[in-house]
Amino acid sequence: MNDSIRFILNGEDIALTDVGPTETLLDFLRLKRRLTGTKEGCAEGDCGACTVLVGRLADGKLAYESVNACIRFLGSLHATHVVTVEHLAGRDGALHPVQQALVDCHGSQCGFCTPGFVMSLYGLWLTKEKPGRREIEKALQGNLCRCTGYEPIVKAAEQVSLMRPSALFDPLERTRSEIIARLWAMQASGTIRIAKGEDRLIVPASVQALAEVLSQEPDAIVIAGSTDVGLWVTKQMRRLSPVVFINHLSELQSVTESEDGITIGAGVSYTGAFAAISKKIPALGRLIDRIAGEQVRNMGTIGGNIANGSPIGDSPPPLIALGATLTLRSLEGQRKMPLEDFFIAYGKQDRRPGEFVESVFVPYPKATSRFAAYKITKRRDEDITAVLGAFLLTLDDAEIVTDIRIAYGGMAATPKRARTVEAELIGRPWTEATIQAARPAFDADFQPLTDWRATAEYRQLTAKNLLTRFYLETVGAPAELKRFEEVA
Amino acid sequence: MDKSTFEDPKVVISGPMHGSLRHDSAHKHVTGTADYIDDIPEPSGLLHGALGLSDRAHAEILSIDLSAVAAYPGVVWAFTGKDVPGVNDTSSNGSHDEPLLAETLVQFHGQPIFAVIAETRDVARRAARLAKIDYRDLPHWHDIDGALVNGSSLVTTPMTLQRGEPETEMPNAAMRLKGRMRIGGQEHFYLEGHIAVAIPGEDDEVTVWSSTQHPSEIQHIVGHVLDIPSNAVTVNVRRMGGGFGGKETQGNQFAALAAIAAKKLGRAVKFRPDRDEDMIATGKRHDFLVDYEVGFDAEGRIHAVDATYAARCGFSSDLSGPVTDRALFHADSSYFYPHVHLQSKPLKTHTVSNTAFRGFGGPQGMLGAERIIEEIAYALGKDPLDIRKLNFYGQPGSGRTLTPYHQEVEDNIIARIVEDLEETADYRARRNAIIAFNRDSRYIRKGIALTPVKFGISFTMTAFNQAGALVHIYQDGSIHLNHGGTEMGQGLYTKVAQVLADSFQVDIDRVKITATTTAKVPNTSATAASSGSDLNGMAAFDAARQIKERMVAFAAEKWEVAPPDVVFLPNRVRVGDMEIPFPDFIKQAYLARVQLSAAGFYKTPKIHWDRKAGRGTPFYYFAYGAACSEVSIDTLTGEYLIDRTDILHDVGRSLNPAIDLGQIEGAFVQGLGWLTTEELWWDDKGRLRTHAPSTYKIPLASDRPKIFNVRLAEWSENSEATIGRSKAVGEPPFMLAISVLEALSMAVASVKDYKVCPRLDAPATPERVLMAVERMKRV
């Protein structure tokens, strides 16, 4: 039983014994199954034309999430329910309400992106009773349409939210209990190992098994969400082997809240972490809303965002500012370190052979502290960071800065503290004059690069200005544009 | 045209002209059953192709070693330009400046040098990376500045438009201003990338499925590269997943490569480039550098304009001639220039050859004109809208109706459109409120702008203004419709089907819309220049007319009534006082041996154009519109939001209001992307680094205006006898987005109390907005 990847595709049980570690769900659907409703628009998780739903058991419940089939590897789908657009309409051809609403509102023109929009809207319809415009836009952040200008699609989402026919109408509600039973029976009893030619994939049965695998195979590629590694395959045509999938490991999926902070398992997706984080650290929650699109947030993990070591990863700067602690694990046990120490140089992290990121502990800001994180991009949503600044400020009763932690992304080869700026501010009164006086210190901390996202000049200037924005917000003069006022 | 044909009958059919019928494929779109070319069941033995691209911007090719490519397991054939049986050229205009595969010289980073054919697409892509190519580098430049500094050649003959005495009159103006505007290009980002499948037939025959706006050109090019006549090539396309001009000529290379391999190997071959390769190896909207001088009086009335429009054309001419021409045709926007001199400069650069894109140079031309208006307004301390209104073309007889190309503007409704929108959008009050807001707001600033659109309709190449349609009625009364236009989402098939349903007075589900194919309607023009419905609608109307005339003659003779007593009523025909259901009537006509098939044809009347003289009537009519946009900017970061947009747009008497509204909203948002977040970025090696959606940012749902009110000018009717008195809608609303750039500009201008023209260039990324704010502070 541990020599195959098994999942349910729409209604059908699938068991794959001959599957490579980097075969994508999209190719499987289109090439092997000729399920051509799911489209390839970009093959990098940015356009959403390939959106499908993946249902998974968590705590005995079955939850469906939208994902990008183009960068989702088959090896990560064990014991899941994959739902494509072909599953929606009734057998008699009757459209699902989500589909009907798109037709009625003239929500398709060329139609190529439409199945992806159907699936994203369906994912929203399944999980939110009456979404507002903000929630609709958030659900559609990962779907590009070049024809309609989106207005009719958003209207369709609003219209369909008012229609909730009996659960019997909906194909997933109708089969929920049956699917739960089938998925339950599918769960692997041990570690799955599959070799195809020289390429191997491993799905460890537990965290302990993961540690064992990595001690034997220290060069293995560990994949949680594959939202970055997916592109190594689809764009760079890289061969990866062996690949170890960890996104199913429930031990890495926990979000634990304690009195002084929150521990996020390495396998927790952005979506999974969002609720707890936005409740306790709202500014971080708002930032998560601007990371990628919904499909990528459903797949990508904070652990992966850290382990990957990108200088423009969105979670490290705010976590560094908050003073987060990283826990690495290997067969030898756990190792903890301040998150900022993990990033050594460009592409180099303090991860020893056989180690993997297990969790990150994020301390809550003290009641007397102020925390903010700002992301600057060319396009507001679903864009990669040009500059990201995060600030944690502590003042004494006399409004003197007793402590401030400032970390930036996009400004150096790694996520990096602005230590000279911090030193300029500590011990000074928290005033506009102090902020102004600290501006030159940025030049000592950062020498950013010019690329297609921004020039060095713009990066340096906005980095300085974000400190001003933070100051203004702390004194009650909000300086950030918000499309919607409410916070989820 | 006889309008009585279109009068509403007492009982109406479903799907008549002017009705808001949904897109004919909507059901298939939402269920995933609409077949795009990659979805069509594949022929057995299908092979897959991939491109081998240059990694130099400009270099001599010293040698090409494909041995490792050919040896890769699964590779069937790797070939170069030397293996092209016919002419190694895909240039759309016959100038032979665009090799299918570069043989001795590469002229842009990403130019195709060879192709690999393999058993799977994955194998072909992997093998394509194994070639060893030796180059000798040559100097390269990738932008307009580089082209100007290096004295680059032009890819085609430039055009000059002149009227009045600009040279002598410019110095006579009370005030004069000079300036320069940079306007960025744009990637089409059709969601379905390029794709072609070629299936070899017997003898020299080949059938090609291509995602193209121009099947006849694909047919021509495939014939050309294979050295076979056009009658051996059949090109089909049922629908594209978006085109926007990007599939007017750019599909040639993929179809040509697939056809060459298919004929050589005797197997079907598919080419579907990866998104990155599609963006690297196919052309885009032209960037422009506009140098302008304007002379005007103290009121702000324009006296003379002199402007040069320099364009980044890429390495070959492609459509750069007509694109830069159209930029000049729209360098007047909606304004009368008493004295004017306009010149195009189609510059050669070492980049992919730029091509058609919705508006086809028109948006860049108009944007330059609107910048001139801004210059005058800020110089005089006036509201730009007042300067606009002062300079609008006048009504016939006003002496202010002649364009720089010597065509009279006879159908001018821009003043009415703008006044209507000014009132319904509450422009004046909101502008005052914004000025008050800006006075008190330290970092967040707002702006508002109301800008006009006047867009000339017709291909400027007169010969392209023709179309054909083929209509059959079968014995059971079902109708088969085919025409030369292609469906790329714009709803053309739906509109033409409405024309036919209306003509025969039958419910639209009686009409089957069939895939566009060169075998049914020959010598078609590209579905482009907003002309699809105008041309093909009329051609279908003509086909219906012919069949109806035969049916009337038949009925009049058979039932011995006068021809006027044969009337097409909804789903039936009245002959004298007898009413016959449509299918029964058709059966009778068949039995009487009436020909129930016709080829319709249409050519646009009145137009002519003498490019050398810069005179003529290139446009049959104009489409108008206006937009009012309000924005907020953050002067600390340059980030912005579009708070509200109001649009009033003229589509004449709409053939399908729902589809037209969709075109307007979609075009506006696409224009918004062009002017805000869509930035093409080349590095110093001449490599395009924004070649995928991760780096190239088109608008999302959350980028559209937060409040978005769009109306059709319902009172408008085309003064020319177009199909149903409608107007073209594909391109004109794209330019409504200029209101956003100018609103951003006003928000920037607030930093210096609106006393200095911000000269905000496009695309106005947050970075450009912030840098414009910083410039203002230093003035």
Side-chain angles (χ1 to χ4, degrees), chain A residues 36-39 41-44 46-47 49 85-86 88-89 95 99 102-103 106 108-115 118 136-137 140-141 144-154 235 237 376 378-384 451-452 454-455 458 461-462 465-466 468-469 472 479-481 483, chain B residues 22-23 25-34 36 39 125-126 129 189-192 240-242 274-276 443-444 488-491 632 634 636-637 639-641 658 662 665-666 668-670 677 679 681 689-690 692-695 697-698 700-704 706 708 765-767 770-771:
Chain A
T36 54
T38 309
K39 310 297 183 192
C42 70
E44 61 178 19
D46 249 274
C47 80
V85 69
E86 285 86 357
L88 257 70
L95 298 183
Q99 296 170 312
L102 272 169
V103 171
H106 306 279
S108 70
Q109 285 183 25
C110 87
F112 197 83
C113 70
T114 310
V118 166
I136 292 167
E137 287 183 9
L140 298 180
Q141 276 170 347
L144 298 177
C145 167
R146 194 55 152 166
C147 296
T148 64
Y150 302 99
E151 192 70 15
I153 298 172
V154 172
K235 297 298 171 180
M237 311 296 292
I376 303 298
K378 215 178 273 185
R379 183 178 67 195
R380 188 166 187 80
D381 291 321
E382 204 207 21
D383 196 358
I384 295 168
D451 66 9
W452 51 92
T455 62
Y458 178 73
L461 180 59
T462 45
N465 286 351
L466 288 182
T468 304
R469 177 192 282 180
L472 291 168
E480 192 182 4
L481 290 171
R483 186 167 165 91
Chain B
R22 67 187 177 215
H23 194 285
S25 294
H27 260 71
K28 289 178 274 192
H29 293 155
V30 299
T31 50
T33 54
Y36 301 83
D39 305 333
R125 289 183 68 205
R126 286 178 191 283
R129 299 181 176 222
F189 210 86
Y190 26 66
L191 261 288
E192 177 211 33
M240 283 164 272
D274 181 64
R275 173 64 64 179
D276 297 52
Y443 291 109
I444 304 296
M488 57 194 114
Q490 82 278 42
S632 305
D634 173 351
L636 283 174
T637 60
E639 294 166 291
Y640 44 78
L641 291 174
E665 290 173 350
F668 173 83
V669 171
Q670 196 174 65
T677 58
E679 187 174 33
W681 198 90
R689 302 304 295 268
T690 47
S694 52
T695 46
K697 311 313 281 187
I698 73 168
L700 284 170
S702 51
D703 293 309
R704 77 195 199 292
K706 195 172 161 190
F708 197 14
T765 56
E767 169 158 357
L770 183 64
M771 293 312 176

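To find a chain, count down the sequence lines: A is the first, B the second, and so on, and within it residues start at 1.
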Side chain, backbone, both or neither: which part of [X] has a non-hydrogen atom closer than 4.5 Å to chain A?
X: B:Asp634; answer: both
X: B:Ile444; answer: side chain
X: B:Ser25; answer: neither
X: B:Ala692; answer: both
X: B:Met488; answer: backbone

(request) Considering non-hydrogen atoms only, spot the tightest contact between B:Thr677 and A:Lys378 and give its length. (result)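 What the structure gives for the nearest pair is CG2-O, 3.3 Å.
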(request) Write down the atom of A:Thr468, the atom of B:Tyr443, and the distance for their closest heavy-atom approach. (result)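 Between these two residues, the closest heavy atoms are CG2-OH, 4.0 Å.
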Regarding [X] and [Y], does a basic nitrogen lie under 4.0 Å from an acidic carboxylate oxygen?
X: A:Glu137; Y: B:Lys706; answer: no
X: B:Arg275; Y: A:Glu44; answer: no
X: B:Lys697; Y: A:Asp46; answer: yes

Would you indicate whether the side-chain heavy atoms of [Y] and [X] approach each other to under 4.5 Å?
X: B:Thr31; Y: A:Leu88; result: no
X: B:Glu192; Y: A:Cys110; result: no
X: A:Leu144; Y: B:Leu700; result: yes
X: A:Glu480; Y: B:Leu636; result: no
X: A:Trp452; Y: B:Glu679; result: no

(request) Please answer whether the main-chain N or O of A:Met237 pairs with a side-chain N or O of B:Arg126 as donor and acceptor at a distance below 3.5 Å. (result) yes
(message) Tell me whether A:Tyr150 contacts the main-chain N or O of B:Asp703 through its side chain, where contact means a donor paired with an acceptor under 3.5 Å.
(response) no
(message) Among A:Glu151, A:His106, A:Gln109, which residue satisfies the side chain to side chain contact (heavy atoms under 4.5 Å, CB included) criterion with B:Glu665?
(response) A:Glu151
Interatomic distance, [X] atom [atom1] to [Y] atom [atom2] [nearest 0.5 angstrom]:
X: B:Gln490; Y: A:Cys147; atom1: CD; atom2: SG; result: 9.0 Å
X: B:Trp681; Y: A:Asp451; atom1: CH2; atom2: CG; result: 6.0 Å
X: A:Arg483; Y: B:Ser702; atom1: CZ; atom2: OG; result: 6.0 Å
X: B:Glu767; Y: A:Thr455; atom1: CD; atom2: OG1; result: 3.5 Å

(request) For B:Tyr190, check ring pair (Phe, Tyr, Trp, His ring centres under 6.0 Å) against everything at least two apart and list the hits. (result)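 Partners of B:Tyr190 under the ring pair (Phe, Tyr, Trp, His ring centres under 6.0 Å) test: B:His188, B:His194.
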(message) Tell me every residue that passes side-chain hydrogen bond (donor to acceptor under 3.5 Å, both in side chains) with B:Arg129, counting only those two or more places apart in sequence or in another chain.
(response) none
(request) Determine the option with the most heavy-atom pairs under 4.5 angstrom with chain A, choosing from B:Ser632, B:Gly242, B:Ala701. (result)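 That would be B:Ala701.
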(request) Pick whichever of A:Cys145, A:Gly37, A:Gly41 has the most heavy-atom pairs under 4.5 Å with chain B. (result)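 Option with the top pair count is A:Gly41.
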